Amino acid sequence: MKVLVTGGTGFIGSHVCVELIQAGHDVVVIDDFSNSKPAVLGYIKEITGKEVKFYEQNVLDEQKTEKVFQENDLDSIIHCAAFKAVGESMVKPIEYYTNNLMSTLVIAKLMKKYKVNNIVFSSSATVYGDPEIVPLTEDSKLGETTNPYGSTKAMMERILTDVQRAVPSMSVTLLRYFNPIGAHESGLLGEDPKGIPNNLMPYIMKVAAGQLECLGVFGNDYDTPDGTGVRDYIHVVDLARGHVAAIEKYATPGVHICNLGTGKGFSVLELVEAFKRVNNIDVPYVIKERRPGDIATCYADPTRAKEQLGWVAEKGIDDMCRDSWNFAKKNFK
Ligand code: UFG
């Protein structure tokens, strides 16, 4: 298949490109490098021996994006391009709604016009809000989102669902990611956020690398075994393979919703301890106040992915910690 990956040089998109190429697909990428680097394109080639066809632009630029559709006979789209920082979205809601929603509308419009019938969308477990029951299945109630970023994910799911209703030949897949961490085992691709990281693993990596002094653990009085937040961390390579399975298996008309998680929850302190043990490095931390908007526990029921996609997460927490640190050692300067 010829697959357009929007946001294809980002943390998740770059791993998706590698897995697509390795599964024999042709890859076209749109990215504006707003949260990634041009060097990633070279790394994808170094890993796979193949080049992606690249367009440097924002998906929002409809004229340019239309050209990509005209110049390439696309079979499928994997739509990863979006702003994704929860905290930033609170101070820049207009930018978040504009960028995330409008780019999805541009893609949907062009898919209809050029009869590209298959889209896989990067959604998030954030659409479940504060879960009443865990593990979360795809039939769990959708919850209230607590920030504009999360709201854009919920709205983009809705937009694509409505588009599918109007264009019944379309296949819309909503992949709800849990907490992607880890890096490519080569150490070439991984997550290198600009500035001070919001998410736990990048923060741990920066503390271990000596770039930040100490991790703040946001609350130890949650109703969890050790009081710290529990999440379903998933290796980004497993996550990327889930996308390949989804474009191949969900290519039938309809709206397909699928969680991508491991089904296992780890607390903040468990992740910190695993990182220290696996990499034999210290990660000093202090307990801080709870972070507003955080929930106690969130993990997936990954049964549907196994049954419908034949996909299960293969990598464990030790792999995630090892590969994250391998990437940090090579790239954090
Ligand atoms: N945490 C800390 N210290 C930090 C950062 C995080 O203790 O410096 C804790 C959080 O309180 C939480 C856990 O680590 O308990 C995980 O936090 P992350 O910020 O890494 O991830 P979240 O679960 O908050 O958010 C992630 C994605 C969002 C997505 C959300 C729900 O980053 O994009 O999952 O699916 F919306």
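Here the structure is a predicted model, which means the values were calculated and not measured. In listed order, ligands and their atoms are each counted from 1.
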Do Tyr149 and Glu88 have a side chain donor and acceptor closer than 3.5 Å?
no
For atom CD of Glu185, is the number of surrounding heavy atoms from other residues, nucleotides or ligands below 6.0 Å larger than 12?
no
Where do Asp139 and Thr137 land on the side chain to side chain donor-acceptor pair (under 3.5 Å) test, with the steps shown first?
CA-CA 5 Å; Asp139 297 323; Thr137 72; 4.7 Å; no
Using side-chain heavy atoms (C-beta onward) and a distance below 4.5 Å, is Tyr128 in contact with Leu142?
yes
Looking at Ser123, Ser122, Ser124, which one forms a side-chain hydrogen bond (donor to acceptor under 3.5 Å, both in side chains) with Tyr177?
Ser122
With sequence neighbours left out, write down each residue that passes side chain to side chain contact (heavy atoms under 4.5 Å, CB included) with Ala251, or none if nothing qualifies.
Asn118
Near ligand 1, at a heavy-atom separation below 4.0 Å: residues by chain and residue number
Ser124, Ala125, Thr126, Tyr149, Asn179, Asn198, Asn199, Leu200, Tyr203, Leu215, Gly216, Val217, Phe218, Gly229, Arg231, Tyr233, Val268, Arg291, Asp294
